[in-house]
Amino acid sequence: MKIFSSLKNRVILVILVASLPLLLLAIGAYIRDRAEAVARIEDNIRLLLRATLHQETQVVAGVQQVLRTMTIADNMQQLDPADCSGLAGRMMNVLPWFANLGAALPDGRFFCSAKPQSQPVNIADRRYFREVLATRQPAPGEYVVGRVSRERSIAYALPMLDGRGEVRAVVVAATRLDWFDQMLKAVQLPAGWHALVVDTEGFVAARFPPGLDATPITTAEGHALGNAGKEAIIHKVDVAGEFHLHGVVPLASTQDQLYLIIGSDLAGVLGPIEARFRRELAIVLALALASALLAWTAVRGSVIDGVAHLQDAVERFGLGELDHRAGRISSVSELQFLAQRFDQMAERIANINRELETRVAERTSDLARSNAELEAFAYSVSHDLRAPLRAIAGFGDILDERYRDKLDGDGQRYLDHIRAAAGQMNRQIDDLLQYSRVGRGTVKAERVELAPLLREAIALYQSQLPAGSRIEIMEPLASPVGDPRLIKQVLTNLIDNAIKYQPAGQAPIVRIESMPGEDAVTIRVTDNGIGIPPEYRETIFKVFQRLHGEEDYPGSGIGLAIAQKAARLMNGTLAVEASSGQGSTFLLRLPATSHAGNG
């Protein structure tokens with residue numbers, strides 16, 4: 001990773017990694033202590049659940065005893081509604097936690113009730129009633145809303161049998177939910193704990209402490225517990241981020257319709273553990289920070305500063321300060337060894353550089369002398385060649401002026417050949433001198449606006465263009481980097497070629513465009529001329545190489561050679577897309593950014 005590429009960051013990382021075992025020990029101890037505390041709380045919750053269920057069993061046994069007492073009472077033997085209802089009312093006066101007491105005939109008609117009935121009631125559809133008829137045994141409680149009392153209650157039933165074992169009537173007792181409050185209060189929960197009795201829809205039948213207003217399980221969780229029908233421990237985190245443990249078990253007396261929930265918010269137990277962990281974590285971090293500061297102080301003076309000095313020396317040397325040396329940078333022997341080796345390397349490089357500068361100076365001097373000699377030679381050759389050429393041309397003019405009429409046809413033709421050859425030779429000398437002068441002096445490398453150069457180049461040929469001719473400039477034009485003088489020379493030569501090499505009677509059409517690229521700008525010059533066969537793509541750029549005779553297309557054959565030499569001097573290229581009889585396209589590629597030319 002890039003952040004750890006520096007020595008400073010790596011030193012800090014090593015210090016932090018060295019502190020990691022202490023941190024891991026503190027975290028491990030916290031996780032272990034927390035898990036043990038949670039396990040102890042779970043065990044306590046299970047013990048309390050079972051103690052509460054034991055109380056429930058005793059209450060149910062008491063209800064069953066009340067029902068048995070009713071079945072054997074004299075007032076019940078004749079199944080007289082008035083006698084039975086009177087008995088039930090008297091029993092309810094001494095048993096206030098009952099919602100109702102009564103009895104029903106085998107067909108479900110509720111003929112006996114401690115509480116008056118506003119209308120006939122039938123309980124044949126009740127589950128507890130059907131179970132008593134089917135089993136002739138006491139039925140477990142059923143969580144119902146009483147049809148006489150209109151209260152939520154737990155209904156219990158006991159069959160009243162005749163001598164043959166047939167059911168004469170079913171005695172029913174409906175207990176209020178209030179007794180669950182007494183049951184929860186008797187559990188003696190630890191401080192901060194709570195207990196509830198809820199149904200699968202989330203209705204709270206009882207709660208302790210009385211002010212508790214939260215239901216710790218959702219309706220979906222209640223249904224899931226109902227399906228499971230067994231004891232469970234639920235771990236939950238509330239919206240405030242607090243962790244809670246809840247033990248949940250179905251109440252057997254309600255056939256899993258009601259659930260007992262006992263829970264703790266864990267704050268009193270886990271608080272000290274988390275406080276101890278925070279203290280240990282603070283100690284570990286303080287030790288790591290102190291170690292980092294001590295190590296940083298020790299390492300910075302002996303290593304970091306030394307490396308920084310060596311880095312500065314390398315950067316300054318790389319920027320051209322070849323006389324700069326690192327010197328003494330650190331008391332650490334390994335770093336000082338590197339500094340000494342750098343100084344030795346720098347001294348060797350400086351010596352080599354001085355030798356190279358001397359050689360370059362000598363060769364530059366030799367090149368300047370050679371160029372001067374070449375220019376003198378070219379001038380001498382030009383002068384020496386031009387003297388006899390002027391004599392030949394002069395005498396040819398005299399012969400033509402004084403003696404042309406005295407020459408026969410062959411003599412006149414020979415005279416014309418002599419004069420034409422002298423003129424062509426004179427033009428070739430001029431072109432050769434121009435080729436030798438291309439790039440002489442400093443070649444600039446600057447951003448060049450092409451539009452002004454093209455306007456100047458086109459102006460040279462405007463008066464020579466036949467009717468119907470066009471030179472189109474496709475703007476916008478990308479600006480290359482190069483020498484304006486040489487770029488104008490190349491474009492002038494390419495336009496000259498495009499105008500010159502045309503089929504007889506055809507008007508030239510030239511199209512010029514400049515396209516930007518990632519590293520280069522491409523200038524494209526396209527014409528509608530005679531074209532160039534593919535096999536001559538390289539030949540046309542050589543000096544004095546012509547594809548056509550002087551009588552067809554006049555010229556020395558050196559224009560494209562000059563253009564290509566100028567392109568190379570600007571670190572560019574000049575090429576042609578060959579096609580015969582379909583015009584030509586020349587591609588001049590020049591740098592898009594300045595990397596210097598040839599000076």
Student: Just checking E449: does its CD atom have more than 12 heavy atoms from other residues, nucleotides or ligands closer to it than 6.0 angstrom?
Tutor: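 Not more than 12 within 6.0 Å, no.
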
Student: Taking only residues two or more places apart in sequence or in another chain, which ones pass side-chain contact (heavy atoms from CB on, under 4.5 Å) with A206?
Tutor: F180, D181, L184, V197

Student: Tell me which pairs pass ring-ring contact (aromatic ring centres under 6.0 Å, His included) where either residue lies in residues 56-80, with sequence neighbours left out.
Tutor: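 Every candidate ring-ring contact (aromatic ring centres under 6.0 Å, His included) pair involving residues 56-80 fails, so no pair, neighbours aside, qualifies.
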
Student: List, one per line, each side-chain donor-acceptor pair under 3.5 Å for residues 91-99, sequence neighbours excluded.
Tutor:
residue, atom, partner, partner atom, Å
N93, ND2, G89, O, 3.4

Student: Tell me, please, which residues at least two apart from R470 pass salt bridge (Lys or Arg N to Asp or Glu O under 4.0 Å).
Tutor: E472

Student: Once salt bridge (Lys or Arg N to Asp or Glu O under 4.0 Å) is applied, do any residues pair with R34, and if so which ones, sequence neighbours excluded?
Tutor: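 Not a single residue meets the salt bridge (Lys or Arg N to Asp or Glu O under 4.0 Å) criterion with R34.
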
Student: Please name all residues satisfying side-chain contact (heavy atoms from CB on, under 4.5 Å) with V121, sequence neighbours left out, ordered by chain then number.
Tutor: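 If we apply the side-chain contact (heavy atoms from CB on, under 4.5 Å) test to V121, skipping adjacent residues, the hits are F110, Q117, I123, R147, V148.
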
Student: Please name all residues satisfying salt bridge (Lys or Arg N to Asp or Glu O under 4.0 Å) with R50, sequence neighbours left out, ordered by chain then number.
Tutor: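 If we apply the salt bridge (Lys or Arg N to Asp or Glu O under 4.0 Å) test to R50, skipping adjacent residues, the hits are E231.
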
Student: Go through the structure and list residues passing side-chain contact (heavy atoms from CB on, under 4.5 Å) with D162, not counting sequence neighbours.
Tutor: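 side-chain contact (heavy atoms from CB on, under 4.5 Å) check on D162 returns R164, E166, R168.
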
Student: For atom CG of D74, decide whether the heavy atoms of other residues, nucleotides or ligands shown that lie under 6.0 angstrom number more than 12.
Tutor: no

Student: Who passes salt bridge (Lys or Arg N to Asp or Glu O under 4.0 Å) against D107, sequence neighbours left out?
Tutor: R109

Student: Can you sort out the partners of R511 under side-chain hydrogen bond (donor to acceptor under 3.5 Å, both in side chains), two or more places apart, ordered by chain and number?
Tutor: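 Checked R511 against side-chain hydrogen bond (donor to acceptor under 3.5 Å, both in side chains); zero matches.
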
Student: Who passes side-chain contact (heavy atoms from CB on, under 4.5 Å) against Q64, sequence neighbours left out?
Tutor: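 Only V60, L67, R68, P138, Y156, L158 meet the side-chain contact (heavy atoms from CB on, under 4.5 Å) criterion with Q64.
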
Student: Pairs of donor and acceptor atoms involving the side chains of residues 266-284, under 3.5 Å and at least two apart or interchain, shall be tabulated with distances.
Tutor:
residue, atom, partner, partner atom, Å
R276, NH2, D33, OD2, 2.7

